[in-house]
Amino acid sequence: MSEDFDVKLVEDVKSYTPDPRYKKNSWLGDYRTAYDEFLKDQDAFWSKMAHELEWIQPWDKVKELDYPYAKWFTNAKLNITANCLDRHVSGDRRNKAALIWRGENGAEKIYTYQQLLSCVMRFANVLKKVGVKKGDRVCIYMPLVPEQVIAMLACARIGAVHSVVFGGFGAAALNMRIQDAEAKVVITADVSIRRGKVIQLKSIVEEAIINSSSVEHVIVLRRQSPQVELRPNLELDFYEMMRSVPADCPAEVMDAEDTLFTLYTSGSTGKPKGIVHTCGGYMVGTYYTSKYVFDIKDSDIFWCTADPGWITGHSYIVYGPLAVGATVFMSELTPDFPDAGSYWSLIEEQKVTIFYTAPTAIRMFMKMGETWPDKYDLSSLRIIGSVGEPLNPEAFEWYYQVIGKKKCPILDTWWQTETGMHMITTMLGEPMRPGFAGLPIPGIEADVVDKDGNSVKPGTGGFLVVKSPWPSMLRTVYGDDERYRKYWYTIDGVYTVGDLAVKGKDGYIMILGRSDDIIIVAGHNIGTAEVESALVSHHAVAESAVIGKPDFVKGNSIKAFVILRVGHEPSDKLRQDLMYHVRMTIGPIAVPQEIEFVDKLPKTRSGKIMRRVLKAKEMGIDPGDISTLDE
Ligand code: WTA
């Protein structure tokens, strides 16, 4: 972790208070009252939330702590799909739309809760038929289509552990994730379609499984006609298989602490971390926040623009909203295709009421101008949200005025793959302060502290930490428990998030960005080490260092400094080759925007690259303490 730092906050007194009816009509009611109730008896608070769901067998204890580990709802039995599907099908929501999907070519699919359950049970039987058992790992590498959600829920139905890999990752990144999880089955599609471009997903899978001995089958959703050929025995058709199995599939009885899924996120080494989430706590956390933070009601149409391949999609397209019985809208369209009005036209068409997107998209919309949203009727919106990186005050204002029409509260939600659910936001009805995410939600004790763990004074900066366990916290890092322990021992006694933050006068928290070697580019976490090792795997590269540079739309862009091996000369052609190499290795999201060829890199005497010095030089600012710099 980097040194302590000194931030003096110039407090902007600006704040917006939503119409009091938001608070009055919300599931939560008053924030302070709910937070005090939580503080008074934390276990009782979570027990009350958990009791809103269906359990096969109740818990003995709400939580059992054994620092740095925690178990939640011990010995309880459940199945998350019984809560996301069967619970609604046996009640009034049987024929309610669960999922509405729009594809790029005007395609639309709607699944009622009953229909979604039927598909999930059939696909769960497909997984059983190909030999998948409780505890087996299944890799899902798919486009943003409803079948991706069906595949995830089908795994959960039978207790298989899904590991979803975002469809934008390249073959090497996919290969690493398949190998690390020892996936038995990969579920994919022939193609994904983005901005009218067809990407051959299946070919990437073919390359990714060449040396993956664990993979027994690849199940392929064939979207295009004529249909692509399948390799006999290895590759199976998604829908043909569904027709060949029985309709019913009872939900597997899962222990609350059984693994529900793993999901990879960037870390400070080249190897991503497989974050492990369990059935019971994750279900309670995502259900609770979908209901009490987003305030989802039966009449809402909820649209989270993420891909299910990220944690945002796991928690707020799939598990959370379905657990509350919401109507979820999902779309394969990008914000700028077929034109810059695509999202606004969908909000008008679907009468979306809750819209959840990323600051990078909001800043892109700002750049494209108000004429686009102004062409459409956005009056159905009642709540708008943001996630993934800091929502800067300018973007807040634009989102509030142009999209929310000064009426919709903004939920700027801070959380992580590791936390599984929202942790900090400004709850409905509370005064919103542009630039500040807000306060810890009821159920969460978060704070900004110095490097010794002491709470900082209002107006000063420090490290963002969580002071006590919460139900949907990660349980470990798959196959690497040491990395899990690091979260809890960086600052003793608390969970260190890896973000820098400032506390305002009233306790409101402003998130400044990462304190470690992770760059958030367009809302995606990219480890500098991941990009550096991709570059070094190119035959012309001897060494490299990667930094993030501020970018108006993407938040950050990637710049790489590269030292070439003897016998290679800098050229534009080589620069292009290196960019292509990163694209093929990790994926388009990690491609450096700039590559500079250099003769040496600033290092500490122990040989550690000082990216901070590179960054300061790049931006023409003072590099701070360079006493450890070699030379
Ligand atoms: C950043 C995404 C500021 C933060 C759910 C965090 C944010 C990392 C916000 C986790 C926000 C997420 N304001 N920063 N509202 N939300 N972040 O794992 O740096 O993809 O640590 O989870 O994104 O990214 P992840």
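Counting convention: from 1, in listed order, for ligands and their atoms alike. As a basis for the values below, the full set of heavy atoms in this structure was taken, side chains included, without hydrogen atoms, waters or symmetry mates.
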Please list, chain by chain and in numerical order, all residues satisfying side-chain hydrogen bond (donor to acceptor under 3.5 Å, both in side chains) with His314, sequence neighbours excluded.
none
Per the salt bridge (charged side-chain N to carboxylate O under 4.0 Å, His left out) rule, what does the pair list look like for residues 260-280, sequence neighbours excluded?
Asp180-Lys271
Taking it one step at a time, do Tyr292 and Tyr31 satisfy ring-ring contact (aromatic ring centres under 6.0 Å, His included)?
CA-CA 10 Å; Tyr292 293 94; Tyr31 166 74; over 10 Å; no
Sort and list the pairs that fulfil salt bridge (charged side-chain N to carboxylate O under 4.0 Å, His left out) and have at least one residue in residues 465-480, not counting sequence neighbours.
Glu257-Arg475, Asp447-Lys467
Just checking Lys291: does its NZ atom have more than 12 heavy atoms from other residues, nucleotides or ligands closer to it than 6.0 angstrom?
yes
Tell me whether the rings of His277 and Tyr282 are parallel (<30°), tilted (30 to 60°) or perpendicular (>60°).
tilted
What does the list of residues with a heavy atom under 4.0 Å from ligand 1 look like, ordered by chain and number?
Ile311, Thr312, Val387, Gly388, Glu389, Pro390, Asp412, Thr413, Trp414, Trp415, Gln416, Thr417, Asp499, Ile511, Arg514, Ile520, Asn525
